[in-house]
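For reference, the structure is listed below as structure tokens.
These values consider heavy atoms only, across backbone and side chains, with no hydrogens, waters or symmetry-generated copies. Letters A, B, ... mirror the listed sequences (proteins, then strands); counts begin at 1. The model shown is predicted, which means the values in this text are computed figures rather than measured ones.
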Amino acid sequence: MRPEKLIIVTLCLLPLMWLVVRMSMERLGVSPVDTITSSTGHWAMRLIVATLAVKPLSKITGWNRLVSFRKSLGLLAFFYATLHLLTFVGLEYFFAVSLMVADAVRTPHIIIGFFTYMSMIPLAATSTRRWIKRLSPAGWNNLHRLVYISSFGALFHYYLQVKVVTTDLIIYAVLVIVLIGYRLIQYLYRAKPKGLPPKSP
Amino acid sequence: MKKQRPDSNIKSSEITDIDLYKSRREVLSTMAKIAAVTAAAMVFPPFVRMVSAQDNETEIGPFSKSSYSTDERANTYRDATTYNNFYEFGLGKDDPARNASMVEFRPWTVTIEGLVRKPETIDVDALIRKFPLEERIYRLRCVEAWSMVIPWIGFPLTDLVRRAEPMSQARYVEFVCLHDPLRMPGQRNPIIRWPYVEGLRMDEAVNPLTILAVGLYGKVLPNQNGAPIRLVVPWKYGFKSIKSIVSIRFVRDQPQTSWNLTAPHEYGFYANVNPNVDHPRWSQRSERRIGQLGRRKTLMYNGYGEYVAHMYENMDLRKFY
């Protein structure tokens, strides 16, 4: 792995390392499950935003190297999301599946959380070079637009479970809307190919 | 080579006045100290919290035991005093312990008013002295689906009601929390209409389980738990147990309570713990007991049905959530 990539991956794993350190010092607060769920959830969200920010940032800064980090950022987001899900199933419910399902079907944000996670699975699975080759560039790009669903899904998942709207919820929402909005605007104002016959009168 | 004669090249007007020089150095060193402490506090927030949970450990008593106490194991003092929903001090669970501990809550008066024959405005400590204290080890179930077992020290609200001599038109009791954005910085955030207001129907107010709490774990009530006096209604969701009470008013009509005003279809007036009536956005069938892994089934009326169910016999609890 190139040195810059190693640095990025290490930096992104620091939150997890800090959680483990706190766990060993029993400094996870009064409700450790709360703390772990919250931390893994927030970092998954932040890393999703980071992946969305790569393209616009590389265009603005002209630093094309950035795009090579997107795969790492995406996989790290999926990693934190997986930890978030495992904490929920394993630590919150202690694998009591029937109790969990009974609650989940009445709790919209849990259902949305599951679907959001599922939308991330194909993204992680097709992140390898092998799959990039297997799918046509257009096909791969189309599939990876699933990240828009993951982004709004994660946002909605968070929104549905807070009692009052918090600052970080607003920040995430603004970032997701701006970063996806940027792509929408680009799509709407894309250069039309020349040389085609004009539309019929 | 030209020799530099530093002294002669400096104009006297450019020499910093010695007092100004000293004070600037002080300012910089103070700023550096503040920055260092802030950085340390941000890196080691548990350290800061440990410091603040230690104050205010004055004993309270004497108090008698009560048969209404549960024999379930109580949570730790640290659990109860560092995991709080008290939005007047911030939205995080650790904010009240951090922001409330250093606040001064004396002198404090409580006003008993409204449709009563004996209204009064009384110093809170004088008020507390009038009632024998009991220890009530109660389950507290938050609407967010977590719970604790807390050994409160207090007296039955019915004793205070009797003292006030309510008139027959008084059918509800309204409680008001302190309104002071200076001491309670969270009140500068209009997420809830301040001050926090709660209420009980008269039969709920005089129910033997309802207490006004002034302490916990044998110690005076810490600020983050609603000092100096708060309500505890164990068969209802925690938001009904209003903290830091300044006014107890006896009224004819059902009071408009804060959470009901903020989100009317999510938080009702009765707010009885009920696993069969879900919150619109989450299930109420189970809860997380702080200090334990996994979840447990939520009990109807938080397990206090034998003392309270009769008050709701003919009520549709889905309608009166």
Does CZ in A:Arg183 sit with more than 12 non-hydrogen atoms of other residues, nucleotides or ligands closer than 6.0 Å? yes
Find the distance between CZ (B:Arg281) and NE2 (A:His109) and round it off to the nearest 0.5 Å. 9.0 Å
Under 4.5 Å to a heavy atom of chain A? For B:Asn84 that would be neither
What residues of residues 50-67 of chain A sit under 4.5 Å from chain B when only non-hydrogen atoms are counted? none
Residue pair B:Tyr267, A:Lys163: steps toward the side-chain contact (heavy atoms from CB on, under 4.5 Å) verdict: CA-CA 11 Å; B:Tyr267 309 103; A:Lys163 269 157 86 183; 3.2 Å; yes
Are there over 12 heavy-atom neighbours, none belonging to A:Gln186, within less than 6.0 Å of that residue's CD? yes
May I ask you to check whether over 12 heavy atoms, not counting those of B:Arg296, lie within 6.0 Å of atom CZ? yes
Taking non-hydrogen atoms and a cut-off under 4.5 angstrom, which of residues 79-106 of chain A neighbour chain B? A:Leu91, A:Glu92, A:Tyr93, A:Phe94, A:Leu99, A:Asp103, A:Arg106
Sole candidate of A:Val162, A:Val165, A:Thr166 that passes side-chain contact (heavy atoms from CB on, under 4.5 Å) when paired with B:Leu91: A:Thr166
Tell me whether A:Thr107 contacts the main-chain N or O of B:Ser283 through its side chain, where contact means a donor paired with an acceptor under 3.5 Å. yes
What's the spacing between B:Trp282 CH2 and A:Ile110 CD1 if we round to 0.5 Å? 11.0 Å
So which of B:Gly291, B:Ala263, B:Ala80, B:Gly294 has the largest heavy-atom pair count under 4.5 angstrom toward chain A? B:Gly294
Answer with side chain, backbone, both or neither: which region of B:Gln292 has an atom nearer than 4.5 Å to a non-hydrogen atom of chain A? neither
Report the distance from atom CD of B:Glu144 to atom CG of A:Asp34, rounding to the nearest 0.5 Å. 8.5 Å
Does any heavy atom of chain A fall under 4.5 Å from the side chain of B:Trp259, the backbone, both, or neither of them? side chain
Proximal component of B:Asp278, with respect to chain A [non-hydrogen, under 4.5 Å]: side chain
When rounded to the nearest 0.5 angstrom, what distance separates OH in B:Tyr83 from OG in A:Ser31? 4.0 Å
